[in-house]
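Here is the structure we will look at, set down as structure tokens.
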Amino acid sequence: QVQLVESGGGLVQAGGSLRLSCEASGRTFSSRSMGWFRQAPGKEREFVAALRWSGGTTSYAESVKGRFTISRDNAKNTVYLQMNSLKHEETAVYYCAAMRGIGKLYLSSDPDEYDYWGQGTQVTVSS
């Protein structure tokens, strides 16, 4: 029902910035809350940020507050993650995801609440 394709990953120096994009297909995109997760080698998948389907309500992991910004453009069926002041330990594969339900009024950091996932984009932060 929903397909997600991430882009924008790459190699960046510590302290630098990257902007990730996630383009979605499916007519229900604008009614779903969206999230970003990341997974480093040998680590569990970690919540990064989420954005409610309507309005500007957001949620962030404590470790990225003040540095990362999630946003969306429903007209383009795209969600973004602006990452500033990147740290070496944030090297990971970054995934975007769409929440299971339609029009939910809450945000979730639980990956089990998300039904649709992109293939991921590699972000490597050099030290």
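From a predicted model like this one, the values you see are computed outputs, not experimental measurements.
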Quiz prompt | Main-chain N/O of Glu23 paired with Thr78 side-chain donor or acceptor, under 3.5 Å | solution = no
Quiz item: In terms of hydrophobic clusters joined by side-chain contacts under 4.5 Å, are Leu86 and Leu81 together?
Solution: yes
Exercise. Not counting sequence neighbours, which residues clear side chain to side chain contact (heavy atoms under 4.5 Å, CB included) with Ser63? List them please.
Key: Arg38, Glu46, Ala61
Exercise. List the steps, then state whether side chain to side chain contact (heavy atoms under 4.5 Å, CB included) holds for Thr57 with Leu51.
Key: CA-CA 6 Å; Thr57 303; Leu51 176 65; 6.0 Å; no
Quiz item: Hey, is CD on Glu89 packed in by over 12 heavy atoms from elsewhere, all under 6.0 Å?
Solution: yes
Practice problem: Scan for disulfide bond (SG atoms under 2.5 Å apart) pairs involving residues 44-83, sequence neighbours excluded, and state none if there are none. | Solution: none
Quiz item: Is it true that Val125 and Met83 fall in one hydrophobic cluster, defined by side-chain heavy atoms closer than 4.5 Å?
Solution: yes
Exercise. List in chain and number order the residues that pass salt bridge (charged side-chain N to carboxylate O under 4.0 Å, His left out) with Lys76, two or more places apart in sequence or in another chain; answer none if no residue qualifies.
Key: none
Quiz item: Does the pair Trp36 and Ile70 meet the rule for a side chain to side chain contact (heavy atoms under 4.5 Å, CB included), with working shown?
Solution: CA-CA 8 Å; Trp36 285 95; Ile70 186 172; 3.6 Å; yes
Quiz item: Got a sec, which residues hit salt bridge (charged side-chain N to carboxylate O under 4.0 Å, His left out) with Asp73, two or more places apart in sequence or on another chain?
Solution: none
Quiz item: Less than 4.5 Å apart, any side-chain heavy atom of Thr121 and any of Leu20?
Solution: yes
Quiz item: With the 4.5 Å side-chain cut-off for hydrophobic clustering, are Tyr116 and Val93 part of the same group?
Solution: no
Quiz item: Nearest heavy-atom pair of Ser33 and Leu107: which atoms, and what distance?
Solution: OG-CD2, 3.8 Å
Self-check item: Smallest separation among heavy atoms of Ala92 and Ala40, with atom names
Solution: CB-N, 3.8 Å
Self-check item: From Met99 atom CE to Asp110 atom CG, the distance as rounded to the nearest 0.5 Å
Solution: 9.0 Å
Self-check item: All pairs passing salt bridge (charged side-chain N to carboxylate O under 4.0 Å, His left out) where residues 114-127 contributes a residue, at least two apart
Solution: Arg100-Asp115
Quiz prompt | ring-ring contact (aromatic ring centres under 6.0 Å, His included) partners of residues 92-112, not counting sequence neighbours, each pair once | solution = none
Quiz item: Arg45: what forms a salt bridge (charged side-chain N to carboxylate O under 4.0 Å, His left out) with it, not counting sequence neighbours?
Solution: none
Quiz prompt | Note: Lys87-Glu90 ion pair, threshold 4.0 Å (strictly below) | solution = no
Quiz item: Looking at side-chain heavy atoms only, is the closest gap between Val123 and Leu18 below 4.5 Å?
Solution: yes
Quiz item: Got a second to check how far Arg67's CZ is from Gln82's CD, nearest 0.5 Å?
Solution: 12.0 Å
Quiz item: Taking C-beta and beyond as the side chain, do Met34 and Arg72 meet within less than 4.5 Å on heavy atoms?
Solution: yes
Self-check item: Exam field: side chain His88 to backbone Ser126, donor-acceptor pair closer than 3.5 Å
Solution: no
Quiz item: Who passes salt bridge (charged side-chain N to carboxylate O under 4.0 Å, His left out) against Arg19, sequence neighbours left out?
Solution: none
Do any side-chain atoms of residues 5-14 form donor-acceptor pairs under 3.5 angstrom with protein atoms, and if so which ones, sequence neighbours left out?
{"from": "Glu6", "atom 1": "OE1", "to": "Gln119", "atom 2": "N", "distance (Å)": "3.1"}
{"from": "Glu6", "atom 1": "OE1", "to": "Gly120", "atom 2": "N", "distance (Å)": "2.8"}
{"from": "Glu6", "atom 1": "OE2", "to": "Cys96", "atom 2": "N", "distance (Å)": "2.9"}
{"from": "Glu6", "atom 1": "OE2", "to": "Gly120", "atom 2": "N", "distance (Å)": "3.2"}

Self-check item: Residue pairs fulfilling disulfide bond (SG atoms under 2.5 Å apart) with at least one residue in residues 48-83, sequence neighbours excluded
Solution: none
Exercise. Keeping to residues at least two apart or across chains, list the ring-ring contact (aromatic ring centres under 6.0 Å, His included) pairs with something in residues 45-87.
Key: Phe37-Phe47
Quiz prompt | side chain to side chain donor-acceptor pair (under 3.5 Å) partners for Ser17, two or more places apart | solution = Asn84
